[in-house]
Student: 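One structure follows; several queries about it will come next.
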Amino acid sequence: MAIQSVRGMPDILPEQAGAWRYLEQQAQRIFNAHGLTQIRTPIVEDTALFARSIGDVTDIVEKEMYTFEDRSGDSLTLRPELTAGVVRAAIEHGLLHNQTQRLWYQGPAFRHERPQKGRYRQFHQIGVECFGIADALMDAELIEMTDQLWKQLRIRDSVTLELNSIGSPEARAHYRDALVDFLSARKDQLDEDSQSRLERSPLRILDSKNESTQALLSDAPSLMDYLTDDDREHFTVLTRALEEAGIDFRINPRLVRGLDYYGRTVFEWTTQALGAQGTICGGGRYDGLVEHLGGRPTPGVGFALGMERVVLLMESLNVIPDAYQTQADVYLMPQQVECESTIRRLARDLRSQFPTLRVMTHIGGGSLKSQLKKADKSGAEIGIIIGQMELESGHIVYKPLRGGDQETLTEAELLHRISELKDA
(Lines give C-alpha, C1' and ligand atoms only; values in the text may rest on other atoms or scores of the structure.)
Protein backbone atom coordinates (compact mmCIF):
# COMPACT_ATOMS: atom_id res chain seq x y z
CA MET A 1 0.00 0.00 0.00
CA ALA A 2 1.10 3.55 -0.73
CA ILE A 3 1.95 5.58 2.38
CA GLN A 4 -0.46 8.47 2.97
CA SER A 5 -0.26 11.62 5.09
CA VAL A 6 -1.15 11.39 8.77
CA ARG A 7 -4.83 12.08 9.42
CA GLY A 8 -5.42 15.74 10.16
CA MET A 9 -2.03 16.79 8.77
CA PRO A 10 -2.78 17.71 5.15
CA ASP A 11 -0.35 18.60 2.39
CA ILE A 12 -0.36 22.14 1.00
CA LEU A 13 -0.32 21.52 -2.74
CA PRO A 14 1.20 23.85 -5.38
CA GLU A 15 -2.19 25.25 -6.40
CA GLN A 16 -2.84 26.17 -2.74
CA ALA A 17 0.62 27.42 -1.79
CA GLY A 18 0.26 30.73 -3.63
CA ALA A 19 -2.50 31.86 -1.27
CA TRP A 20 -0.34 30.96 1.72
CA ARG A 21 2.60 32.88 0.27
CA TYR A 22 0.36 35.90 -0.33
CA LEU A 23 -0.84 35.87 3.30
CA GLU A 24 2.72 35.48 4.61
CA GLN A 25 4.08 38.32 2.48
CA GLN A 26 1.32 40.76 3.40
CA ALA A 27 1.66 39.97 7.11
CA GLN A 28 5.44 40.40 7.00
CA ARG A 29 5.10 43.72 5.17
CA ILE A 30 2.77 45.08 7.88
CA PHE A 31 4.96 43.75 10.71
CA ASN A 32 8.04 45.37 9.17
CA ALA A 33 6.16 48.67 8.86
CA HIS A 34 5.51 48.53 12.62
CA GLY A 35 9.13 47.83 13.53
CA LEU A 36 8.72 44.18 14.55
CA THR A 37 11.53 41.63 14.31
CA GLN A 38 11.16 37.90 13.70
CA ILE A 39 11.82 35.07 16.15
CA ARG A 40 11.87 31.33 15.31
CA THR A 41 11.46 28.79 18.10
CA PRO A 42 11.65 24.96 18.08
CA ILE A 43 8.65 22.80 17.27
CA VAL A 44 9.47 20.53 20.25
CA GLU A 45 9.59 21.90 23.81
CA ASP A 46 9.72 20.57 27.37
CA THR A 47 6.22 19.37 28.28
CA ALA A 48 6.29 21.36 31.53
CA LEU A 49 6.38 24.60 29.53
CA PHE A 50 2.85 24.09 28.26
CA ALA A 51 1.45 22.63 31.49
CA ARG A 52 2.62 25.74 33.34
CA SER A 53 1.67 28.35 30.73
CA ILE A 54 -1.57 27.04 29.19
CA GLY A 55 -2.89 25.44 32.39
CA ASP A 56 -2.74 21.78 33.36
CA VAL A 57 -6.54 21.48 33.59
CA THR A 58 -7.20 22.72 30.07
CA ASP A 59 -8.42 20.47 27.25
CA ILE A 60 -5.21 21.24 25.35
CA VAL A 61 -2.93 19.87 28.06
CA GLU A 62 -5.21 17.05 29.22
CA LYS A 63 -6.40 15.72 25.85
CA GLU A 64 -4.80 17.33 22.81
CA MET A 65 -1.01 17.54 23.17
CA TYR A 66 1.35 15.25 21.27
CA THR A 67 3.63 14.24 24.15
CA PHE A 68 6.37 11.59 24.18
CA GLU A 69 9.49 10.53 26.06
CA ASP A 70 12.80 10.79 24.25
CA ARG A 71 15.63 8.30 24.70
CA SER A 72 16.84 10.13 27.81
CA GLY A 73 13.43 9.78 29.43
CA ASP A 74 12.60 13.49 29.13
CA SER A 75 8.97 14.37 28.45
CA LEU A 76 8.75 16.44 25.26
CA THR A 77 5.77 17.89 23.41
CA LEU A 78 5.06 19.11 19.91
CA ARG A 79 4.04 22.70 20.55
CA PRO A 80 0.24 23.20 20.66
CA GLU A 81 0.69 26.97 20.35
CA LEU A 82 3.64 29.35 19.94
CA THR A 83 3.37 32.02 22.64
CA ALA A 84 4.83 29.88 25.43
CA GLY A 85 7.90 29.03 23.35
CA VAL A 86 8.48 32.69 22.51
CA VAL A 87 8.29 33.62 26.20
CA ARG A 88 10.64 30.76 27.12
CA ALA A 89 13.16 31.92 24.48
CA ALA A 90 12.93 35.56 25.60
CA ILE A 91 13.65 34.58 29.21
CA GLU A 92 16.40 32.08 28.33
CA HIS A 93 18.33 34.50 26.12
CA GLY A 94 17.92 37.64 28.22
CA LEU A 95 15.77 39.48 25.69
CA LEU A 96 13.67 41.13 28.39
CA HIS A 97 16.34 42.63 30.66
CA ASN A 98 15.62 46.38 30.83
CA GLN A 99 14.26 46.44 27.29
CA THR A 100 11.09 46.03 25.30
CA GLN A 101 10.60 43.51 22.51
CA ARG A 102 8.17 43.47 19.59
CA LEU A 103 8.43 40.08 17.90
CA TRP A 104 6.58 38.19 15.19
CA TYR A 105 6.64 34.53 14.19
CA GLN A 106 5.06 31.96 11.94
CA GLY A 107 5.05 28.18 11.92
CA PRO A 108 3.18 24.95 12.60
CA ALA A 109 1.56 23.80 15.84
CA PHE A 110 -0.01 20.47 16.77
CA ARG A 111 -3.14 19.36 18.63
CA HIS A 112 -4.77 15.93 18.65
CA GLU A 113 -8.41 16.77 17.99
CA ARG A 114 -11.09 15.69 15.55
CA PRO A 115 -10.08 16.97 12.10
CA GLN A 116 -12.63 19.03 10.18
CA LYS A 117 -12.60 21.88 7.70
CA GLY A 118 -10.61 24.70 9.25
CA ARG A 119 -9.42 22.58 12.20
CA TYR A 120 -6.46 20.25 11.75
CA ARG A 121 -3.99 18.32 13.89
CA GLN A 122 -1.13 20.18 12.27
CA PHE A 123 -2.10 23.81 11.77
CA HIS A 124 -0.15 27.00 11.11
CA GLN A 125 -0.08 30.34 12.88
CA ILE A 126 1.27 33.81 12.25
CA GLY A 127 1.51 35.88 15.40
CA VAL A 128 2.98 38.80 17.31
CA GLU A 129 4.20 39.04 20.92
CA CYS A 130 5.20 42.35 22.55
CA PHE A 131 6.93 42.55 25.94
CA GLY A 132 7.68 45.31 28.41
CA ILE A 133 4.79 47.67 27.58
CA ALA A 134 1.78 47.72 29.92
CA ASP A 135 0.02 50.61 28.17
CA ALA A 136 -3.31 49.74 26.52
CA LEU A 137 -2.13 51.64 23.44
CA MET A 138 0.08 48.62 22.73
CA ASP A 139 -3.02 46.42 22.72
CA ALA A 140 -4.65 48.88 20.32
CA GLU A 141 -1.64 48.88 17.98
CA LEU A 142 -1.71 45.08 17.72
CA ILE A 143 -5.41 45.14 16.88
CA GLU A 144 -4.74 47.88 14.32
CA MET A 145 -2.12 45.65 12.68
CA THR A 146 -4.70 42.91 12.21
CA ASP A 147 -7.24 45.42 10.90
CA GLN A 148 -4.70 46.60 8.31
CA LEU A 149 -3.94 43.02 7.32
CA TRP A 150 -7.62 42.18 6.72
CA LYS A 151 -7.94 45.33 4.58
CA GLN A 152 -4.85 44.41 2.59
CA LEU A 153 -6.21 40.88 2.04
CA ARG A 154 -9.64 42.35 1.10
CA ILE A 155 -11.53 40.37 3.75
CA ARG A 156 -12.21 43.20 6.23
CA ASP A 157 -15.92 43.45 5.39
CA SER A 158 -16.34 39.76 6.27
CA VAL A 159 -14.81 39.82 9.77
CA THR A 160 -15.92 41.27 13.11
CA LEU A 161 -13.77 42.32 16.06
CA GLU A 162 -15.04 41.04 19.44
CA LEU A 163 -13.49 42.60 22.50
CA ASN A 164 -13.58 42.11 26.28
CA SER A 165 -11.65 42.77 29.46
CA ILE A 166 -11.31 39.85 31.85
CA GLY A 167 -9.62 42.10 34.39
CA SER A 168 -6.83 41.61 36.87
CA PRO A 169 -6.30 38.36 38.82
CA GLU A 170 -8.02 39.95 41.82
CA ALA A 171 -11.09 40.91 39.77
CA ARG A 172 -11.30 37.45 38.23
CA ALA A 173 -11.03 35.77 41.64
CA HIS A 174 -14.02 37.75 42.96
CA TYR A 175 -15.98 37.11 39.79
CA ARG A 176 -15.09 33.40 39.84
CA ASP A 177 -16.67 33.04 43.29
CA ALA A 178 -19.86 34.78 42.15
CA LEU A 179 -20.07 32.71 38.95
CA VAL A 180 -19.51 29.42 40.80
CA ASP A 181 -22.24 30.31 43.31
CA PHE A 182 -24.65 31.11 40.48
CA LEU A 183 -23.89 27.99 38.42
CA SER A 184 -23.66 25.55 41.34
CA ALA A 185 -27.29 26.26 42.13
CA ARG A 186 -28.13 25.34 38.54
CA LYS A 187 -25.58 22.58 37.96
CA ASP A 188 -28.15 20.10 36.69
CA GLN A 189 -28.98 22.51 33.84
CA LEU A 190 -25.39 22.65 32.58
CA ASP A 191 -24.08 20.47 29.75
CA GLU A 192 -21.62 17.73 30.67
CA ASP A 193 -18.46 19.64 29.70
CA SER A 194 -19.55 22.70 31.67
CA GLN A 195 -20.28 20.56 34.74
CA SER A 196 -16.74 19.22 34.67
CA ARG A 197 -15.35 22.75 34.25
CA LEU A 198 -17.33 24.13 37.18
CA GLU A 199 -14.77 23.02 39.75
CA ARG A 200 -11.63 23.36 37.65
CA SER A 201 -12.04 26.34 35.29
CA PRO A 202 -15.46 27.94 35.64
CA LEU A 203 -14.69 31.01 33.51
CA ARG A 204 -14.38 28.77 30.47
CA ILE A 205 -18.05 27.91 30.81
CA LEU A 206 -18.72 31.43 29.49
CA ASP A 207 -17.30 30.26 26.16
CA SER A 208 -19.50 27.14 25.99
CA LYS A 209 -20.98 26.38 22.56
CA ASN A 210 -23.95 24.59 24.13
CA GLU A 211 -27.14 26.56 23.45
CA SER A 212 -28.91 25.66 26.69
CA THR A 213 -25.84 26.62 28.73
CA GLN A 214 -25.59 29.91 26.89
CA ALA A 215 -29.26 30.58 27.62
CA LEU A 216 -28.62 29.91 31.31
CA LEU A 217 -25.65 32.30 31.29
CA SER A 218 -27.86 35.19 30.16
CA ASP A 219 -28.82 35.68 33.82
CA ALA A 220 -25.34 35.04 35.23
CA PRO A 221 -23.23 37.76 36.90
CA SER A 222 -21.24 39.89 34.44
CA LEU A 223 -17.45 39.98 34.64
CA MET A 224 -17.57 43.67 33.70
CA ASP A 225 -19.21 44.41 37.06
CA TYR A 226 -16.16 43.05 38.91
CA LEU A 227 -13.41 45.00 37.14
CA THR A 228 -11.19 47.27 39.23
CA ASP A 229 -10.89 50.98 38.47
CA ASP A 230 -7.50 50.33 36.87
CA ASP A 231 -9.01 47.57 34.71
CA ARG A 232 -11.76 49.91 33.54
CA GLU A 233 -9.31 52.70 32.75
CA HIS A 234 -7.13 50.28 30.74
CA PHE A 235 -10.15 49.12 28.75
CA THR A 236 -11.34 52.70 28.19
CA VAL A 237 -7.94 53.71 26.78
CA LEU A 238 -8.08 50.71 24.43
CA THR A 239 -11.62 51.32 23.16
CA ARG A 240 -10.97 55.05 22.71
CA ALA A 241 -7.84 54.31 20.66
CA LEU A 242 -9.75 51.87 18.45
CA GLU A 243 -12.50 54.44 17.90
CA GLU A 244 -9.91 57.06 16.95
CA ALA A 245 -8.44 54.60 14.43
CA GLY A 246 -11.90 54.00 12.94
CA ILE A 247 -11.92 50.31 13.92
CA ASP A 248 -15.40 48.96 14.63
CA PHE A 249 -15.73 46.45 17.46
CA ARG A 250 -18.34 44.62 19.50
CA ILE A 251 -17.92 44.17 23.25
CA ASN A 252 -18.60 40.53 24.11
CA PRO A 253 -18.75 40.12 27.93
CA ARG A 254 -18.55 36.31 27.58
CA LEU A 255 -15.30 36.30 25.62
CA VAL A 256 -12.60 34.75 27.83
CA ARG A 257 -10.26 32.89 25.40
CA GLY A 258 -9.17 29.31 26.14
CA LEU A 259 -5.77 29.75 27.80
CA ASP A 260 -5.01 30.42 31.47
CA TYR A 261 -2.41 33.11 30.92
CA TYR A 262 -4.69 35.89 29.64
CA GLY A 263 -5.69 38.94 31.73
CA ARG A 264 -7.38 42.24 30.98
CA THR A 265 -7.63 42.62 27.18
CA VAL A 266 -8.89 39.64 25.17
CA PHE A 267 -10.08 39.83 21.57
CA GLU A 268 -11.10 37.70 18.61
CA TRP A 269 -11.72 38.33 14.94
CA THR A 270 -14.64 36.19 13.77
CA THR A 271 -16.49 35.55 10.52
CA GLN A 272 -19.83 34.07 9.53
CA ALA A 273 -18.41 32.74 6.25
CA LEU A 274 -16.70 29.59 7.61
CA GLY A 275 -19.47 27.93 9.61
CA ALA A 276 -18.48 26.53 13.00
CA GLN A 277 -14.80 27.48 12.63
CA GLY A 278 -15.56 31.19 12.71
CA THR A 279 -12.58 32.51 14.72
CA ILE A 280 -9.67 33.42 12.45
CA CYS A 281 -7.53 35.35 14.94
CA GLY A 282 -7.36 35.80 18.69
CA GLY A 283 -5.18 37.30 21.35
CA GLY A 284 -4.89 39.47 24.39
CA ARG A 285 -2.78 40.57 27.32
CA TYR A 286 -0.78 38.20 29.56
CA ASP A 287 1.09 40.37 32.07
CA GLY A 288 1.78 37.51 34.49
CA LEU A 289 3.06 34.86 32.07
CA VAL A 290 6.76 35.83 31.98
CA GLU A 291 7.02 35.77 35.77
CA HIS A 292 5.01 32.53 35.90
CA LEU A 293 7.60 30.89 33.62
CA GLY A 294 10.55 32.02 35.72
CA GLY A 295 11.34 35.48 34.37
CA ARG A 296 11.14 38.91 35.93
CA PRO A 297 7.68 40.51 36.07
CA THR A 298 7.13 41.71 32.50
CA PRO A 299 3.91 42.82 30.81
CA GLY A 300 3.04 41.12 27.53
CA VAL A 301 0.40 41.20 24.84
CA GLY A 302 0.03 39.31 21.56
CA PHE A 303 -2.15 37.60 19.01
CA ALA A 304 -2.08 34.68 16.59
CA LEU A 305 -4.04 34.09 13.41
CA GLY A 306 -4.87 30.69 11.98
CA MET A 307 -3.44 30.53 8.49
CA GLU A 308 -5.71 27.70 7.33
CA ARG A 309 -8.83 29.64 8.24
CA VAL A 310 -7.66 32.93 6.76
CA VAL A 311 -6.78 31.16 3.50
CA LEU A 312 -10.19 29.44 3.49
CA LEU A 313 -11.86 32.83 3.92
CA MET A 314 -9.80 34.39 1.12
CA GLU A 315 -10.68 31.49 -1.17
CA SER A 316 -14.39 31.71 -0.34
CA LEU A 317 -14.35 35.44 -1.15
CA ASN A 318 -12.22 34.95 -4.28
CA VAL A 319 -9.79 37.72 -3.33
CA ILE A 320 -6.44 36.00 -3.98
CA PRO A 321 -4.56 37.94 -6.72
CA ASP A 322 -4.05 36.04 -9.97
CA ALA A 323 -0.28 36.44 -9.68
CA TYR A 324 -0.32 34.16 -6.63
CA GLN A 325 -2.29 31.47 -8.45
CA THR A 326 -0.05 31.21 -11.51
CA GLN A 327 3.49 30.04 -12.19
CA ALA A 328 4.87 32.63 -14.58
CA ASP A 329 4.56 36.11 -16.07
CA VAL A 330 6.56 35.35 -19.23
CA TYR A 331 6.89 31.99 -21.01
CA LEU A 332 9.77 31.56 -23.51
CA MET A 333 9.39 29.02 -26.34
CA PRO A 334 12.26 27.86 -28.62
CA GLN A 335 11.02 26.34 -31.90
CA GLN A 336 14.18 24.47 -32.83
CA VAL A 337 17.05 22.97 -30.87
CA GLU A 338 19.41 25.64 -32.21
CA CYS A 339 17.18 28.34 -30.65
CA GLU A 340 17.44 26.97 -27.11
CA SER A 341 20.75 28.68 -26.28
CA THR A 342 19.34 32.08 -27.29
CA ILE A 343 16.16 31.45 -25.29
CA ARG A 344 18.14 30.55 -22.16
CA ARG A 345 20.36 33.61 -22.53
CA LEU A 346 17.29 35.85 -22.98
CA ALA A 347 15.69 34.33 -19.86
CA ARG A 348 18.84 35.15 -17.84
CA ASP A 349 18.76 38.73 -19.11
CA LEU A 350 15.09 39.14 -18.20
CA ARG A 351 15.60 37.74 -14.68
CA SER A 352 18.62 39.98 -14.18
CA GLN A 353 16.93 43.17 -15.37
CA PHE A 354 13.55 42.47 -13.74
CA PRO A 355 14.21 40.56 -10.47
CA THR A 356 10.52 40.21 -9.60
CA LEU A 357 9.51 38.97 -13.06
CA ARG A 358 8.66 35.25 -13.15
CA VAL A 359 10.26 33.80 -16.29
CA MET A 360 9.77 30.20 -17.43
CA THR A 361 11.54 28.61 -20.37
CA HIS A 362 9.99 25.72 -22.25
CA ILE A 363 12.12 22.58 -22.05
CA GLY A 364 11.50 19.34 -23.88
CA GLY A 365 10.67 20.36 -27.44
CA GLY A 366 7.26 19.81 -29.01
CA SER A 367 5.17 21.69 -31.52
CA LEU A 368 4.32 25.37 -31.17
CA LYS A 369 0.71 24.36 -30.41
CA SER A 370 1.75 22.13 -27.50
CA GLN A 371 4.14 24.79 -26.19
CA LEU A 372 1.39 27.40 -26.26
CA LYS A 373 -0.86 25.07 -24.25
CA LYS A 374 1.82 24.81 -21.57
CA ALA A 375 2.36 28.57 -21.68
CA ASP A 376 -1.36 29.09 -21.13
CA LYS A 377 -1.43 26.59 -18.26
CA SER A 378 1.43 28.45 -16.55
CA GLY A 379 -0.76 31.53 -16.31
CA ALA A 380 1.78 33.72 -18.11
CA GLU A 381 0.55 36.95 -19.66
CA ILE A 382 3.28 37.06 -22.30
CA GLY A 383 4.69 34.42 -24.64
CA ILE A 384 8.09 34.87 -26.30
CA ILE A 385 8.76 32.76 -29.40
CA ILE A 386 12.08 32.33 -31.20
CA GLY A 387 12.27 30.17 -34.32
CA GLN A 388 14.81 29.83 -37.12
CA MET A 389 13.60 33.00 -38.85
CA GLU A 390 13.83 35.08 -35.67
CA LEU A 391 17.21 33.59 -34.82
CA GLU A 392 18.60 34.68 -38.20
CA SER A 393 17.03 38.15 -38.14
CA GLY A 394 17.77 38.92 -34.49
CA HIS A 395 14.10 39.48 -33.70
CA ILE A 396 11.63 38.02 -31.20
CA VAL A 397 7.93 37.16 -31.49
CA TYR A 398 6.02 38.88 -28.69
CA LYS A 399 2.67 37.15 -28.16
CA PRO A 400 0.15 38.38 -25.55
CA LEU A 401 -1.52 35.25 -24.15
CA ARG A 402 -4.56 36.94 -22.59
CA GLY A 403 -5.67 39.08 -25.53
CA GLY A 404 -3.81 41.47 -27.85
CA ASP A 405 -1.92 41.44 -31.12
CA GLN A 406 1.22 39.44 -31.78
CA GLU A 407 4.28 41.55 -32.71
CA THR A 408 7.84 41.03 -33.92
CA LEU A 409 10.30 43.04 -31.84
CA THR A 410 14.00 43.52 -31.38
CA GLU A 411 15.42 42.44 -28.05
CA ALA A 412 15.82 46.09 -26.99
CA GLU A 413 12.18 46.75 -27.87
CA LEU A 414 11.12 43.70 -25.87
CA LEU A 415 12.97 44.89 -22.79
CA HIS A 416 11.40 48.35 -23.14
CA ARG A 417 7.93 46.84 -23.55
CA ILE A 418 8.28 44.71 -20.41
CA SER A 419 9.64 47.70 -18.51
CA GLU A 420 6.51 49.66 -19.45
CA LEU A 421 4.28 46.79 -18.32
CA LYS A 422 6.11 46.53 -14.99
CA ASP A 423 5.62 50.26 -14.39
CA ALA A 424 1.93 50.21 -15.35
Side-chain angles (χ1 to χ4, degrees), residues 28 31-32 34-58 60-62 64-70 72-111 124-139 141-142 145 166-170 172 201 234 257-267 282-305:
Q28 290 176 26
F31 297 160
N32 289 338
H34 284 81
L36 275 60
T37 52
Q38 187 180 19
I39 187 169
R40 299 175 185 240
T41 58
I43 290 174
V44 177
E45 297 272 8
D46 190 309
T47 301
L49 173 66
F50 304 113
R52 289 173 60 184
S53 62
I54 297 172
D56 55 10
V57 297
T58 60
I60 294 174
V61 172
E62 288 186 334
E64 298 172 0
M65 294 202 312
Y66 283 93
T67 297
F68 60 95
E69 283 192 4
D70 70 2
S72 300
D74 297 324
S75 180
L76 304 178
T77 295
L78 295 177
R79 61 187 183 196
E81 56 95 46
L82 280 75
T83 297
V86 173
V87 174
R88 188 268 312 149
I91 295 170
E92 181 176 344
H93 300 287
L95 302 183
L96 306 180
H97 291 171
N98 301 316
Q99 58 186 312
T100 62
Q101 292 288 348
R102 304 185 188 195
L103 308 171
W104 71 270
Y105 57 80
Q106 69 182 74
F110 305 84
R111 296 183 192 178
H124 298 77
Q125 293 185 337
I126 295 176
V128 170
E129 312 293 351
C130 296
F131 301 101
I133 304 172
D135 197 310
L137 293 179
M138 190 70 253
D139 309 27
E141 182 161 318
L142 294 195
M145 284 184 210
I166 58 174
S168 60
E170 295 78 14
R172 289 196 302 280
S201 51
H234 188 277
R257 302 288 294 151
L259 306 175
D260 275 354
Y261 50 64
Y262 284 114
R264 286 192 169 170
T265 302
V266 288
F267 66 90
R285 181 160 283 281
Y286 47 85
D287 290 345
L289 181 58
V290 174
E291 183 179 13
H292 186 63
L293 291 179
R296 301 176 182 178
T298 305
V301 60
F303 70 82
L305 64 87

Student: What's the spacing between T77 OG1 and D46 CG if we round to 0.5 Å?
Tutor: 8.0 Å
Student: Is the closest side-chain heavy-atom distance between E141 and H34 below 4.5 Å?
Tutor: yes
Student: Heavy atoms only: give me the nearest T67-S75 pair and the separation to one decimal.
Tutor: CG2-OG, 3.4 Å
Student: If you draw a 6.0 Å radius around CG in N98, do more than 12 non-hydrogen atoms from other residues or ligands fall strictly inside?
Tutor: no
Student: Once rounded to the nearest 0.5 Å, what's the spacing between atom CZ of F131 and atom CG of D287?
Tutor: 11.0 Å
Student: Could you pull out the closest heavy-atom pair between R285 and D135, with the gap in Å?
Tutor: NH2-O, 3.4 Å
Student: Which atom pair, heavy atoms only, marks the closest approach of Q101 to L95?
Tutor: NE2-O, 3.0 Å
Student: Rounded at 0.5 Å granularity, tell me how far CG in D74 sits from CD in E69.
Tutor: 8.0 Å
Student: Considering non-hydrogen atoms only, spot the tightest contact between A109 and L82 and give its length.
Tutor: CB-CD1, 3.9 Å
Student: Is any side-chain heavy atom of Q38 less than 4.5 Å from a side-chain heavy atom of Q28?
Tutor: no
Student: Over 60° means perpendicular and under 30° means parallel, so classify the ring planes of W104 and F31, tilted if in between.
Tutor: tilted
Student: Are any non-hydrogen side-chain atoms of D139 and R264 less than 4.5 angstrom apart?
Tutor: no
Student: Can you name the nearest heavy-atom pair linking E81 to F50, along with the distance?
Tutor: O-CE2, 4.0 Å
Student: Is the closest side-chain heavy-atom distance between L289 and T83 below 4.5 Å?
Tutor: yes
Student: Using atom types as modelled, flag every donor-acceptor pair under 3.5 Å from a side chain in residues 84-92 to any protein atom, sequence neighbours excluded.
Tutor:
| residue | atom | partner | partner atom | Å |
| --- | --- | --- | --- | --- |
| R88 | NE | E45 | OE1 | 3.1 |
| R88 | NH1 | E92 | OE1 | 2.9 |
| R88 | NH2 | E45 | OE1 | 3.4 |
| R88 | NH2 | E45 | OE2 | 2.8 |

Student: CD/E129 to CG/L36 distance, rounded to the nearest 0.5 angstrom?
Tutor: 10.0 Å
Student: Once rounded to the nearest 0.5 Å, what's the spacing between atom CD of Q106 and atom CZ of R40?
Tutor: 7.0 Å
Student: Is there a side-chain contact between R296 and L96, using heavy atoms and a 4.5 Å cut-off?
Tutor: no
Student: Where do V128 and Y105 come nearest, in terms of heavy atoms and distance?
Tutor: N-CE2, 4.0 Å
Student: Donor-acceptor check, side chain of R79 to backbone of T41, threshold 3.5 angstrom: yes or no?
Tutor: yes
Student: So, does H292 use its side chain to make a donor-acceptor pair with the main chain of S53 at under 3.5 Å?
Tutor: no
